[in-house]
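For reference, positions follow the sequence shown, starting with 1.
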Amino acid sequence: MTKRERFMKFLANEPVDRVPVAFFHHFCGPELMEKGMELPEAFERNIEGHREALAVFDPDVIKVMNDSLMILPLDTSFVKKPSDLRKIQPPSVHSPFGRKTKELTQRVMEIYEGKDAPIYATGFSAIRVLRGSLDGMTNPDPRLPKWLAEDPDSVFCALDILTDTIIEYNEMLLKECGVDGMYFSVQNRNQYFPDEMFTRFVTPSDLRIMEHANKLSAMNLLHICGFTGARNNLELFKNYPAAAYNIAVYAEKVSLSEGRKVFGGKPVFGGFAQDGIIDKGSREEVREATWKILDECGQVGIMIGADCTVPYNIDDDRFNWVRDAAIEYAEKH
């Protein structure tokens with residue numbers, strides 16, 4: 001099977017010759033992350049990292065890592081009360097940030113020219129963009145849940161503004177840049193919002209983004225971000241219309257097969273923690289971990305990956321270890 005054929009059978013819940021493997025990592029260290037607009041060296045490192053990684057591991061699934069740009073920048077310095085959120089102005093696709101995003105994506109895609117693996121671009125939910133601008137996601141700011149309870153219309157307005165802009169970016173990436181699908185990142189880490197509040201106020205913006213992307217591609221993936229072990233309630237996302245779901249099995253403390261039941265038997269991927277065996281284990285330990293995942297969940301509708309991005313300085317040859325283990329497993333089962 002070609003990589004694309006194998007991947008499409010994974011999405012269709014059909015037998016494959018061996019399961020596909022999909023690990024992703026950033027190419028910029030912490031000092032260069034999200035510095036692409038101000039530091040040319042960050043922007044170039046971001047792009048060239050793909051070329052260097054490809055020389056070591058030819059991926060089954062390609063993801064354009066936008067480390068140097070990443071989250072849609074949003075000025076919220078003037079926001080003192082919830083009604084101020086109505087005035088946010090995210091950068092359009094025609095802004096310098098938008099043009100840089102397009103350039104990065106197109107240049108990375110040139111690196112993978114001739115490869116038959118599907119290519120994805122990363123997208124973030126509106127609430128992730130808003131949260132990131134308010135609290136940076138490291139020390140959760142209690143204002144947003146409070147404002148959502150006090151003045152939901154103003155928060156709704158902000159999410160609508162952001163959703164419209166995210167849809168514009170997704171359309172640019174899918175139609176103008178030619179990626180095959182969006183890798184859409186969502187989360188409600190550690191119940192930042194109570195579940196009922198999340199479903200009522202946040203889910204509509206997520207669904208609007210996904211439904212628009214689904215009109216342009218049938219291959220969009222949902223990444224339920226359990227970065228650094230932060231938990232999500234998978235039930236919040238069970239009706240999100242994705243082609244497959246990335247489950248953070250270590251963060252959520254569920255297996256892939258258990259998580260798959262939440263999503264009605266649709267394809268899922270993951271299985272490894274972000275760090276640990278994947279970046280520190282011996283080749284035999286990586287093989288054993290791969291076989292353990294496949295023993296537990298089988299080889300249909302399953303793709304092996306990790307909870308979230310693995311360490312940025314990992315040796316990409318380790319992904320070959322996982323793929324070799326998957327090939328060996330398929331030969332013996």
Indicate if [X] and [Y] have the same hydrophobic cluster label, given that clusters are the connected sets of ILVMFWY residues with side-chain heavy-atom separations under 4.5 angstrom.
X	Y	answer
Phe124	Ile166	yes
Leu69	Tyr312	no
Tyr192	Phe237	yes

[X] side chain to [Y] backbone, donor-acceptor under 3.5 Å:
X	Y	value
Asp307	Tyr250	yes
Gln299	Leu294	no
Gln106	Cys177	no
Asn233	Asp195	no
Asn13	Gly265	yes
Asp151	Pro82	no
Thr290	Ala326	no
Asp60	Ala22	no
Ser205	Ala126	no
Asn220	Ala242	no

Do the non-hydrogen side-chain atoms of [X] and [Y] ever get within less than 4.5 Å of each other?
X	Y	result
Leu207	Tyr240	yes
His25	Met65	no
Leu144	Arg131	yes
Thr101	Asn66	no

Strictly below 4.0 Å, N to O, side chains only: are [X] and [Y] in salt-bridge contact?
X	Y	value
Arg6	Asp17	yes
Glu44	Arg107	yes
Glu103	Lys100	yes
Asp84	Lys87	yes
Asp324	Arg287	no
Glu196	Arg200	no
Glu258	Lys261	no

Q: Decide side-chain contact (heavy atoms from CB on, under 4.5 Å) for Arg318 and Val322; before the verdict, give the C-alpha distance in whole Å, the side-chain angles of both, and the deciding distance to 0.1 Å.
A: CA-CA 7 Å; Arg318 288 176 164 270; Val322 177; over 6 Å; no
(Q) Would you call the rings of Phe269 and Tyr183 parallel, tilted or perpendicular, taking 30° and 60° as the class edges? (A)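 Ring orientation, 0 to 90° scale: tilted.
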Q.
Students often mix this up, so state it plainly: with edges at 30° and 60°, are the rings of His333 and Tyr329 parallel, tilted or perpendicular?
A.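 Rings of His333 and Tyr329: parallel, under 30°.
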Q.
Centre-to-centre under 6.0 Å for Phe272 and Phe23, is that the case here?
A.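 Between Phe272 and Phe23, the centre distance is under 6.0 Å.
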(Q) With a 6.0 Å cut-off on the ring centroids, do Phe193 and Phe201 count as close? (A)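 When the ring centroids of Phe193 and Phe201 are compared, they turn out to be at least 6.0 Å apart.
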How far apart are the closest heavy atoms of [X] and [Y], and which atoms are they?
X	Y	answer
Gly226	Ala251	O-CB, 3.7 Å
Ala149	Pro152	O-CD, 4.1 Å
Gln274	Pro311	O-CD, 3.1 Å
Ser217	Gly181	OG-CA, 3.8 Å
Pro118	Met219	CB-CE, 3.8 Å

Q: For Glu171, enumerate each residue passing the side chain to side chain donor-acceptor pair (under 3.5 Å) test, keeping only those at least two apart in sequence or located in another chain.
A: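 Applying side chain to side chain donor-acceptor pair (under 3.5 Å) to Glu171 gives Lys175, His212.
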Q: Apply side-chain contact (heavy atoms from CB on, under 4.5 Å) to the pair Gln89 and Asp75, showing each step before the final yes or no.
A: CA-CA 8 Å; Gln89 296 181 4; Asp75 178 18; over 6 Å; no
Q.
For Lys3, is the NZ atom crowded, meaning more than 12 foreign heavy atoms sit under 6.0 Å from it?
A.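 More than 12 heavy atoms, drawn from other residues, nucleotides or ligands, come within 6.0 Å of this atom.
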Q. Between Tyr245 and Leu256, does a side-chain contact (heavy atoms from CB on, under 4.5 Å) hold up when you go through it step by step?
A. CA-CA 10 Å; Tyr245 302 80; Leu256 280 181; over 6 Å; no
**Q.** Residue that, paired with Leu85, satisfies side chain to side chain contact (heavy atoms under 4.5 Å, CB included) out of Val79, Ile161, Asp153, Leu159
**A.**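 One option only clears the test, and that one is Val79.
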Q) Between Asp67 and Arg45, does a salt bridge (charged side-chain N to carboxylate O under 4.0 Å, His left out) hold up when you go through it step by step? A) CA-CA 9 Å; Asp67 315 343; Arg45 168 94 290 271; over 6 Å; no
(Q) Does Asn188 form a side-chain contact (heavy atoms from CB on, under 4.5 Å) with Val202? I'd like the steps, not just the answer. (A) CA-CA 9 Å; Asn188 187 35; Val202 177; over 6 Å; no
